[in-house]
Amino acid sequence: MQHHFTTRFEGVSLAPFDSLNLGLHVNDNALHVTKNREILKEKLGVSKLVFMDQVHSDCIVCIETGDEAPTCDAMITNVQGIGLAVMVADCIPILFYDAKHEAIGVAHAGRVGTLLQVGQKTALAMGERFGSRMEELKIWMGPSIHQCCYEVGFEATKGFENFLHVKENNYFLDLQSYNHAAFVALGIKPENMDISDVCTCCDTDYFSYRRDKITGRFAGVIAL
Ligand SMILES: [Zn+2]
């Protein structure tokens with residue numbers, strides 16, 4: 001198994017997508033994005049690298065050939081040599097690994113996906129499909145926007161009452177802690193979870209929609 005979170009470097013896209021933009025939906029030159037995806041695939045040494053058309057849903061697709069291009073926000077597989085990619089620019093890229101049953105998954109968890117429990121549903125889908133046990137699952141949450149920068153309007157705080165930081169009537173969400181708590185409630189062991197402390201909005205090595213609006217997407221990738 002290998003897993004990796006990309007940065008914005010070592011690709012071919014031009015500003016404001018410079019340079020390893022992996023998103024085809026952000027109005028970058030499609031040839032550049034295709035080349036960037038090829039660069040990442042080469043680096044990983046996988047035969048197929050699957051990207052999703054992400055729509056902030058809780059739809060999960062089981063990948064079997066590696067030729068799928070699903071519209072969904074999570075994927076799982078137990079096929080060797082197929083890389084699963086989740087694109088982000090502030091949302092949490094979540095990676096899953098079950099060493100015992102040799103299975104992997106990815107999920108795209110922004111505010112909406114988090115409320116839909118897309119991460120928890122992905123873990124449960126691995127249980128149903130591959131026999132994964134929650135206490136044996138390993139989970140990584142990659143670089144994403146943290147509470148230092150994730151200010152939202154009051155209407156967007158619903159459901160996050162316990163993961164909210166209020167500073168002078170401004171509301172800041174802690175998506176990472178919400179997901180961590182939800183995973184623990186599901187039976188995932190805290191010692192099996194790794195949360196990146198990189199805030200994408202603070203760290204210019206990563207694309208950030210909040211910071212730059214017109215920008216690229218980096219990715220979390222995992223492969224058996
Ligand atoms: Zn920040």
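In listed order, ligands and their atoms are each counted from 1. These numbers come from a predicted model, not from an experiment.
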**Request:** Could you tell me the angle subtended at the Zn ion (ligand 1) by SG of C199 and SG of C149, rounded to 10°?
**Result:** 110°
**F5 and F218 aromatic centres sub-6.0 Å** = no
**Message:** At a threshold of 2.8 Å, where the distance has to be below it, does the Zn ion (ligand 1) have an N, O or S atom of C148 nearby?
**Reply:** yes
**Message:** Check whether F96 forms a cation-pi arrangement with K138 (NZ or CZ under 6.0 Å from the six-membered ring centre, at most 45° off the ring normal).
**Reply:** no
**Message:** Under 6.0 Å from the ring centre and within 45 degrees of the ring axis: does the NZ or CZ of K158 meet both conditions for the six-membered ring of F160?
**Reply:** no
**Asked** Below 2.8 Å, any N, O or S contact between C202 and the Zn ion (ligand 1)?
**Response** yes
**Request:** Check the hydrophobic clustering (I, L, V, M, F, W, Y; side-chain heavy atoms under 4.5 Å; chains of links allowed) and say if L186 and F163 are grouped together.
**Result:** yes
